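Worksheet: one structure, shown below.
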Amino acid sequence: MSAHPDHPTRPPATIVIVGAGPRATGLIERIAANAPELYGDGTPLALHLVDPHPPGGGRIWRPDQSPLLWMNSMAEDVTIFTDESVEREGPLRPGPSLAEWARQVREADLPPELAAEAAALTGQSFATRRLQGAYLRWAYERSVAALPPGTTVHEHRDRAVRVTGPRDGRQQVWLEGRTAPLTADAVVLALGHLDAEPDAEQRALAAFAAEHGLVHLPPEFTADSDLSGLRPGEPVIVRGLGLAFVDLVVLLTEGRGGRYERAPGGELVYRPSGREPVLYTGSRRGVPYHAKIGYSLSGERPPVPRFFGPAQVDALLSRPERPDFRRDVWPLIAKELGFAHYHRLFTVHPERTAGEWPAFEEKYAACPPGSPELDALVTAAVPDPADRLDLDALDHPLAGLRFPTEEALQQGLRAHIEADLARRHDPAHSPDLAVFLALLSVYGQLIRLGDIGGWWHGFFSFLASGPPGPRLEQLLALSRAGVIRFLGAETVVTTDPLRGVFRAGSASVPGHVVEARALVEARLPEPTVDHSRDTLLRSLHRDGAAATPAGLLAVSPADARILDRAGRPHPRRFALGPHTDARASGAFARPRTNAPAFRQNDATARALLRCLRDLSCRASLTA
Ligand SMILES: Cc1cc2nc3c(=O)[nH]c(=O)nc-3n(C[C@H](O)[C@H](O)[C@H](O)COP(=O)(O)OP(=O)(O)OC[C@H]3O[C@@H](n4cnc5c(N)ncnc54)[C@H](O)[C@@H]3O)c2cc1C
């Protein structure tokens, strides 16, 4: 790296960011915002971005993907820019949400198909991933342009495989296929969602498939999967009913030439192309994720945090032993969600309650979480059981239900999805929206507790991160057309070596089993630092970085510095995003929600800039 022309004698201070997706984009925005205050000594800055995919959107939001794949967030709920709600030390630099950007962007700045989509986009639309990629690219370019004058930005379309260097000196970032490393004063890993090595079960299934000439697709990013082995008309067992399932369905139906039409009565009808396989699909819950809520909040926001806020997290952290999620944390979360639900019910739908909110609130506050007193209070004050929040029932929607035939299950599942769609678009059920907002609040608080295990993330996604309503309408049409057949709850997949096929059955239709020559695991990989396919992450762990019990990279809550096994924060290495235990919400920040990812980005950007400014760190620049 040569010295900057304005400062011929001083080499630039160098940051290497590995991973150039949304998280890196948000961090660069914060580096630019904080630099005038924290990095004003005139030494030029060099920023190196390493990612095989284009910066801005990175891998998931890259331009070269099917236009049929959508976001599952409404355009007004996605932003890359901070607002006044964000608790931060750095300055506010407002910017448009995806929906606002789509209104402002000039047609000429987009490819024709994206220009048409942007022009038609409303706040409640679900944009294509490609349009979101264009927004992220624009946000990236704007953030780069806001970096201090003289900053140089270098994009490396490469994969980083290793970081080396002493704790107190410059770091080397090694790129695949390159002999010379990048040298950095500080390194940030914004690696995002990573591929995983198959676990023992997946290895056994793959071996079975290889032995019998079957198709087995392990958990992976559906957009990257080779679906050509899933043949027209043939049964495919699909495990998973979340967002990876929705992507799979889209690519195997419209992606293979099928079309939707409106029947005269308004019902959506699927016209197959004949090239679709038949998808036998199940999961533990047996139902698709809840539809995204299709109306906006009116009136007061739920006054949370109340029962699970900073004070409760402080108390949990001050205990000598690590809090147990089920025993110590979940009761507080359940009470918080219930509070949001009943606050909304009492204040907006008082005719469905017995009594006044202040009296209920006082008693609710006094009842221990999960106690019989709390149940009794709710039963007395909320006459209709449908208006009570039952988190267990939500988590086990088909519990105890048995269907006499497979066809009866199809009808039952369609009725379930229709009821969910109707409810999620009906403001009479606005306590659901209050619970959703409380879930976001809880998510923000949980960051300080670090890794709290997988169940919560699954439950959160099931309730709060489901597909757009129109996607569920399509699933209904596909079910009516026979392209999707639901398997039911507690789906079990086995292998039959005698017949050389996969088999699947469920608790919902006792005795019913399907056979197929193809099995798709429709869920995202869940890599641990040990079992990630990412060489960089694995080598980092081998070289001493700490991992949490669930296999996430451990970072300091204050500024996302990577921790070693003694708990010491690395002075020059940082990590942000889903592969760390400070993963915030897995989703994009929503405007005006004090988004945890923004708080982290601000704190990390400031720590980075201080690190570069700091003499002990900078002394080695001349070494
Ligand atoms: C399929 C999918 C759909 C999603 N849809 C939504 C949605 O609709 N709404 C929402 O709110 N959230 C959504 N999310 C969640 C979240 O908002 C996004 O995943 C977001 O992309 C996370 O940003 P990130 O930068 O942390 O990670 P990523 O987007 O995964 O970006 C990380 C980048 O790091 C690069 N990288 C990784 N390892 C290396 C390496 N060793 N060397 C170089 N580069 C490397 C990757 O190529 C990638 O570009 C979705 C997630 C997924 C997986």
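Nothing here was measured: the structure is a model prediction, and the numbers come from that model. For the numbers below, each heavy atom of this structure counts, side chains included, while hydrogens, waters and symmetry mates do not.
Salt-bridge check for Arg388 with Asp390: failed, with every basic side-chain N at 4.0 Å or more from each acidic carboxylate O. Between Asp77 and Lys292 there is no salt bridge, since no side-chain N of the basic residue sits under 4.0 Å from a carboxylate O of the acidic one. Ion pairing between Arg327 and Glu321 holds under the 4.0 Å rule for side-chain N and carboxylate O.
In this structure, the side chains of Ser296 and Glu76 come closer than 4.5 Å at one or more pairs of heavy atoms. Taking the side chain as every heavy atom from C-beta outward, His290 and Phe436 never approach each other to under 4.5 Å. Side-chain contact between Asp602 and Val86: absent, with no pair of heavy atoms (C-beta onward) separated by less than 4.5 Å. Inter-residue side-chain proximity for Pro467 and Leu243 is flagged as met; some heavy-atom pair is nearer than 4.5 Å. A 4.5 Å side-chain heavy-atom check between Arg129 and Trp70 finds every atom pair outside the cut-off. Considering only heavy atoms from C-beta on, Arg480 stays 4.5 Å or farther from Val269 through its side chain. Within the 4.5 Å cutoff, the side chain of Arg306 has heavy atoms near those of the Glu361 side chain. Under the 4.5 Å side-chain criterion, counting only non-hydrogen atoms from C-beta, Arg88 is in contact with Arg30.
Here the side chain of His341 pairs a donor or acceptor atom with the backbone of Asp387 at under 3.5 angstrom. Side chain of Asp581 to main chain of Leu552: no donor-acceptor pair is present (N/O by atom type, distance under 3.5 Å, no hydrogens or angles). Judged purely by atom type and a 3.5 angstrom limit, Asp195 has no side-chain atom pairing as donor or acceptor with the backbone of Glu220. Formation of a donor-acceptor pair under 3.5 Å by the Ser556 side chain with backbone atoms of Arg561 is found in this model. Glu362 places no side-chain N or O within 3.5 Å of a backbone atom of Ala359 that could act as its donor or acceptor partner.
In this structure, the ring of His425 has its center no less than 6.0 angstrom from the ring center of Tyr295. Taking the ring centroids of Phe360 and Tyr364, they lie under the 6.0 Å cut-off. You'll find the ring centres of Trp330 and Phe307 outside the 6.0 Å limit. Taking the six-membered ring wherever Trp is involved, the centroid distance between the rings of Tyr443 and His457 falls below 6.0 Å.
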Report the C-alpha distance between Arg239 and Glu201 in whole Å, list the side-chain angles of each, state the deciding distance to 0.1 Å, and finish with yes or no for salt bridge (charged side-chain N to carboxylate O under 4.0 Å, His left out). CA-CA 13 Å; Arg239 196 151 46 167; Glu201 186 197 13; 3.2 Å; yes
(message) Please determine whether side chain to side chain contact (heavy atoms under 4.5 Å, CB included) holds for the pair Arg448 and Asp314, giving the CA-CA distance in whole Å, both sets of side-chain angles, and the decisive distance to 0.1 Å.
(response) CA-CA 9 Å; Arg448 289 180 51 220; Asp314 286 346; 2.4 Å; yes
From CA spacing to verdict: side chain to side chain contact (heavy atoms under 4.5 Å, CB included), Asp395, Arg284 | CA-CA 10 Å; Asp395 192 31; Arg284 180 176 74 76; 3.3 Å; yes
- Verify side chain to side chain donor-acceptor pair (under 3.5 Å) between Ser125 and Thr122, making sure each step is shown before the conclusion. CA-CA 5 Å; Ser125 306; Thr122 70; 3.0 Å; yes
| field | CA sep, side-chain torsions, deciding dist, call: Thr281, Thr491, side chain to side chain contact (heavy atoms under 4.5 Å, CB included) | value | CA-CA 9 Å; Thr281 184; Thr491 296; over 6 Å; no
For the pair Asp199 and His531, evaluate side chain to side chain donor-acceptor pair (under 3.5 Å) and give the outcome as yes or no after the intermediate values.
CA-CA 8 Å; Asp199 61 14; His531 296 109; over 6 Å; no
Note to self: Run the side chain to side chain contact (heavy atoms under 4.5 Å, CB included) test on Trp357 and Tyr342 for me, step by step, so that the C-alpha distance in whole Å, both residues' side-chain angles and the decisive distance to 0.1 Å come before the verdict.
What the structure shows: CA-CA 9 Å; Trp357 169 246; Tyr342 295 116; 4.2 Å; yes
Worked verdict on Asp83 versus Ser85 for side chain to side chain donor-acceptor pair (under 3.5 Å):
CA-CA 5 Å; Asp83 56 47; Ser85 75; 2.6 Å; yes
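Taking both residues in full, the closest heavy atoms of Ala75 and Leu121 are given as CB-CD2, 3.6 Å, listed atom of the first, atom of the second, then distance. The heavy-atom pair separating Ala380 from Ala354 by the smallest distance is O-CB, 3.8 Å. Among all heavy-atom pairs drawn from Gly299 and Arg344, the shortest one is C-NH1, 4.5 Å. For the pair Ile447 and Pro596, the tightest heavy-atom approach, listed with the atom from each and the gap, is CD1-CB, 2.9 Å. In terms of heavy atoms, Ser97 sits closest to Pro591 at CB-CG, 4.3 Å. Residues Leu398 and Leu413 approach most closely at CD1-CD2, 4.0 Å, considering heavy atoms.
Rounded to the nearest 0.5 angstrom, Glu407 CD and Arg485 CZ are separated by 5.0 Å.
By the neighbour-count criterion of 12 heavy atoms within 6.0 Å, atom CZ of Arg592 is sparsely surrounded, having that number or fewer from other residues, nucleotides or ligands. Heavy atoms from other residues, nucleotides or ligands lying under 6.0 Å from CD of Glu418 number more than 12. In this structure, Glu526 places its CD atom where only 12 or fewer heavy-atom neighbours from other residues, nucleotides or ligands lie under 6.0 Å away.
In this structure Asp384 satisfies the side chain to side chain donor-acceptor pair (under 3.5 Å) test with no other residue, sequence neighbours excluded.
Note: Trp456 and Phe325 have tilted aromatic rings, judged against thresholds of 30 and 60 degrees for the angle between ring planes.
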